[in-house]
S.K.: 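So that we are looking at the same thing, I have put the structure below in structure tokens.
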Amino acid sequence: MPKNKKPAGGRAAKNFEPRYAAKTSYQDRKRRPGDSSVGKPGSKSPGHRGYRADADTAAPKRRWSAEEKVGRDEARAIRDGRPSRDGRPARDGRPSRDGRPSRDQRFDRDARGDGNRSDAPRRGANLDRVDRDDRRSFGDGRPSYRSDDRPRRDRDDRRPSFRQDDRPQRSFDDRPRRDRDERPAFRGDDRPRRDGGPRRSFEDRPQRSSDDRPRRDDRPRRSFEDRPQRSFDDRPRRDRDERPAFRGDDRPRRDDRPRRTDGPSRSNWSAPVRDHAQEQRVDVVHERLQAEAVQAEAVAGTTFGDLDLGQNIVKALAELGAATPFPIQAATIPPILDGRDVLARGRTGSGKTIAFGAPLVEAVLRSQAGSKRVFGRSPKALILAPTRELALQIDRTIQPIARSVGLFTTQVYGGVPQARQVGALKKGVDIVIGTPGRIEDLQNQGKLDLSDVQIAVLDEADHMCELGFLEPVQRILRFTEDGSQKLLFSATLDREVAALVDEFLVNPAVYEVAGEDQDSGTIDHRVLVIDHRDKAEILSSLVDREGKTLVFARTRAYAEMLSEQFDDAGIPALALHGDLNQAKRTRNLEKMTSGRVNVLVATDVAARGIHVDDIDLVIQADAPDEYKTYLHRSGRTGRAGRSGTVVTLITRQRRRRMQELLDRAEIDAPFEEARIGDDLLEELSGRQVDPTR
DNA sequence: CCAGAAC
């Protein structure tokens with residue numbers, strides 16, 4: 001059971017809500033008969049939470065044979081990359097919307113009603129109380145530029161928000177440097193060339209189920225001529241191990257760095273000859289997408305108005321601090337308004353939210369021009385994010401833009417009572433922002449109608465294409481209107497999104513900003529090679545400092561443990577991870593944002609997208625497994641052109657693996673040995689060095 | 001394996 005390894009006690013209960021009770025009762029039921037550990041109550045569960053629902057609502061053992069079938073079909077669907085359980089094509093137009101067998105099984109009415117009756121009200125009351133407390137306490141001395149982060153939306157989603165500023169201040173120059181101008185115009189040059197070939201981006205890939213493609217060909221809008229295929233190069237996607245080299249030809253720079261002994265290490269890195277026996281988990285490096293590089297200086301004089309956004313939206317953007325478009329925004333707004341599918345890669349903190357958010361609002365507005373907003377209308381746009389915090393943050397940016405033209409947004413994410421979300425949907429909203437689980441849930445319950453969605457956005461799109469996310473995302477996208485426009489954004493966008501592009505996008509435009517690599521940023525990357533037994537103390541030493549520090553841990557338990565350890569050492573710290581209830585997650589993040597606590601220990605729930613001003617030190621207590629994770633985690637600092645430091649702790653055994661990861665991330669970082677009490681720790685924590693620099 | 005995402 002939960003061992004409080006700390007004498008002071010109390011805090012664990014305060015900040016940590018263990019789930020053993022629920023878990024054990026779950027685990028017995030959620031196991032599926034096919035699993036090897038079947039039948040042993042309390043033994044390890046078969047997998048991720050996503051599987052839980054299968055058995056959960058259909059508890060009786062009688063149904064096991066039916067469930068078994070579901071499970072098998074599901075597995076088959078995973079293998080084949082398509083969702084159908086009954087062998088019929090997954091998407092022959094819309095008809096799938098009306099209750100596919102799997103849905104019925106998984107969400108039978110009884111279970112639904114029950115959950116609503118017993119669960120929601122109680123939790124609702126609880127959350128309400130917490131939120132109110134938060135609200136009260138935030139109201140006072142908080143800097144005015146920050147008041148947006150409190151969980152104020154519990155009452156009324158529709159209320160126009162007064163302050164929106166989860167974004168970096170635009171006044172600082174966090175745009176990519178302008179110092180390279182090989183090219184004059186960011187788009188002009190490719191316009192003339194129209195080979196006009198019909199879409200063919202992924203045509204050459206093998207297993208494309210023909211049954212779900214055809215409907216794409218006769219999509220309504222998309223009148224635009226096809227632009228030259230800058231987009232996906234037509235190379236087939238590599239499966240993990242067969243990649244010849246992890247650094248494609250499109251990553252030319254960095255010749256400056258001393259090359260690692262090439263041949264052997266390159267070919268070996270993905271081979272299972274790694275230290276730990278089972279190296280099933282490989283940091284797959286997908287091909288980078290061939291993208292049109294936007295030259296920052298080419299858009300220097302452009303305004304949002306030039307990009308065809310309406311007056312009100314431009315004004316709302318200005319109030320958000322976005323006076324003029326960042327390069328990624330200047331690049332993506334026109335094609336989005338043209339109705340094109342767009343893929344965009346922009347460095348962390350480069351303004352991606354507005355890059356899709358502003359044109360999305362404009363597009364929805366145009367589509368409704370002339371018609372009244374009717375009560376109970378179903379949403380026209382959908383934005384999917386991988387975490388609830390990110391969904392909230394996106395809404396904080398989009399909502400004021402939408403409200404400026406009379407459109408409504410609502411958040412649809414889990415961990416909070418459904419009632420408010422459902423209520424908003426009932427009244428009618430224009431833009432839904434949320435996470436896959438709850439969206440699919442409400443969709444299945446018939447409370448969220450996605451059939452009118454004309455624009456769907458995937459933020460952190462590559463992440464949304466990873467194992468546990470891909471399928472729900474696919475199912476959700478299939479419910480959107482035929483031919484709906486799709487926008488995929490991420491700082492690490494690569495061919496991992498091929499699965500979605502293949503099925504859902506038509507001749508997408510792909511953009512990135514020229515000269516954006518991680519080294520062009522303002523982040524100082526360091527790797528500390530330490531003895532494992534020193535780790536706790538070194539961490540405490542690093543964290544004991546003035547500025548805001550974000551610590552990443554690999555597991556929830558370790559994140560929790562570290563936050564308690566720091567707290568016990570007299571360094572106020574909070575945790576952020578999935579074992580906390582949503583109220584605590586929201587509150588702990590807000591306390592970090594508002595500066596009421598300076599140390600936050602998080603799992604990768606905070607790795608992507610989350611913006612907190614002024615984090616000047618990111619510590620990776622556990623090194624990440626993937627280079628993308630490294631990039632996203634480190635992207636929590638060095639925002640808005642400020643300087644930041646990323647310190648990664650590793651043991652000696654991990655040096656080589658770490659170097660390989662850094663190579664893949666294209667980051668140079670010195671490895672330095674560190675022991676307890678070393679000056680180096682003082683320097684990194686900024687205790688001796690002048691922090692202003 | 002972990003992390004994340006629904007009741």
Side-chain angles (χ1 to χ4, degrees), chain A residues 19 22 25-26 29-30 44-59 103 106-120 122-124 274 276-283 384-391 411-419 421-422 434-445 447-448 458-460 462-476 552-560 575-582 585 601-610 620-626 628-629 632-633:
Chain A
R19 305 197 300 187
S25 69
Y26 270 151
R29 281 181 295 146
K30 88 177 164 187
K44 195 117 178 47
S45 83
H48 300 280
R49 308 160 151 197
Y51 288 111
R52 207 167 272 170
D54 281 343
D56 191 350
T57 52
R103 303 248 152 71
R106 293 167 68 170
F107 300 92
D108 63 87
R109 290 197 174 73
D110 290 350
R112 225 186 288 143
D114 200 47
N116 282 345
R117 247 187 341 268
S118 61
D119 201 12
R122 181 172 42 80
R123 296 171 40 116
R274 194 54 36 78
H276 295 309
Q278 27 62 309
E279 172 87 11
Q280 315 147 319
R281 167 170 199 75
V282 182
D283 182 5
L384 286 175
T387 65
R388 299 164 185 170
E389 284 74 14
L390 186 51
Q411 310 144 354
V412 176
Y413 60 85
V416 297
Q418 293 183 5
Q421 299 170 358
V422 172
T435 49
R438 177 64 66 86
I439 286 176
E440 198 176 14
D441 190 2
L442 294 189
Q443 203 284 332
N444 283 321
Q445 292 181 42
K447 292 169 178 168
L448 170 58
L458 286 189
D459 200 9
E460 306 296 343
D462 57 323
H463 192 221
M464 302 291 267
C465 287
E466 285 170 16
L467 203 52
F469 272 126
L470 177 60
E471 287 211 280
V473 167
Q474 285 174 327
R475 286 194 295 264
I476 289 168
F552 282 105
R554 197 177 76 94
T555 66
R556 306 162 179 178
Y558 189 43
E560 189 62 35
L576 179 63
H577 55 75
D579 268 345
L580 303 176
N581 65 38
Q582 192 53 42
R585 282 170 60 162
V601 188
T603 59
D604 281 332
V605 70
R608 283 180 177 251
I610 301 304
Q620 308 200 64
D622 297 312
D625 286 326
E626 300 183 37
K628 284 188 192 179
T629 307
H632 285 283
R633 285 176 172 185

S.K.: Starting at atom CG of Asp459(A), determine the distance to atom P of dG4(B), rounded to an integer number of angstrom.
M.R.: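 In whole Å, dG4(B) P lies 18 Å from Asp459(A) CG.
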S.K.: Any base atoms under 4.0 Å from Arg585(A), or only sugar-phosphate, or nothing? Heavy atoms, all strands.
M.R.: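 Sugar-phosphate, no base atom in range.
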S.K.: Check the distance between dA3(B)'s P and Glu626(A)'s CD and give it to me in whole angstrom.
M.R.: 14 Å
S.K.: With sequence neighbours excluded, tell me which residues meet side chain to side chain contact (heavy atoms under 4.5 Å, CB included) with Thr603(A).
M.R.: Arg556(A), Ala559(A), His577(A), Val605(A)
S.K.: Just how far, in rounded Å, is P of dA3(B) from CZ of Arg633(A)?
M.R.: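 From Arg633(A) CZ to dA3(B) P: 12 Å.
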S.K.: Using a strict cut-off of less than 4.0 Å between a Lys/Arg side-chain nitrogen and an Asp/Glu carboxylate oxygen, indicate whether Asp622(A) and Arg633(A) qualify as a salt bridge.
M.R.: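 No.
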S.K.: Taking salt bridge (Lys or Arg N to Asp or Glu O under 4.0 Å) as the definition, give me every residue that meets it alongside Asp459(A), ordered by chain and number, with sequence neighbours left out.
M.R.: none
S.K.: Thr555(A) side chain N/O closer than 4.0 Å to the phosphate oxygens (OP1, OP2) of dA3(B)?
M.R.: no
S.K.: How long is the span from the CG atom in Asp579(A) to the CD atom in Glu560(A), to the nearest 0.5 Å?
M.R.: 8.0 Å
S.K.: Taking any heavy-atom pair under 4.0 Å as a contact, classify Arg554(A): base, sugar-phosphate, or nothing.
M.R.: base
S.K.: Please give, in whole Å, the distance from dG4(B) P to Ile610(A) CD1?
M.R.: 12 Å
S.K.: What's the CZ-P distance between Arg608(A) and dA5(B), to the nearest Å?
M.R.: 14 Å
S.K.: Nearest to the side chain of Asp441(A) - dA3(B), dA5(B), dC7(B)?
M.R.: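 Taking heavy atoms from C-beta onward, the closest nucleotide is dC7(B).
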S.K.: Have a look at Gly468(A) and say if it touches a base, only the backbone sugar-phosphate, or nothing, with a 4.0 Å heavy-atom cut-off.
M.R.: base
S.K.: Rounded off to whole Å, could you give me the CG-to-P distance for the Leu442(A) and dA5(B) pair?
M.R.: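 For the pair Leu442(A) CG and dA5(B) P, the rounded distance is 16 Å.
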S.K.: Rounded to the nearest Å, what distance is computed from the NE2 atom of residue His463(A) to the P atom of nucleotide dA5(B)?
M.R.: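 That distance rounds to 10 Å.
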S.K.: Does a side-chain N or O from Arg556(A) land closer than 4.0 Å to OP1 or OP2 of dA3(B), or not?
M.R.: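 For dA3(B), OP1/OP2 do have a side-chain N/O of Arg556(A) under 4.0 Å.
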S.K.: Round to a whole Å and report the spacing from CZ of Phe552(A) to C1' of dC2(B).
M.R.: 15 Å
S.K.: Considering just the side-chain nitrogens and oxygens of Arg388(A), establish if one lies under 4.0 Å of OP1 or OP2 belonging to dG4(B).
M.R.: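 Answer no for this pair, as no side-chain N or O of Arg388(A) is under 4.0 Å from OP1 or OP2.
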S.K.: Report yes or no: do Asn444(A) and Glu440(A) form a side-chain donor-acceptor pair below 3.5 Å?
M.R.: no
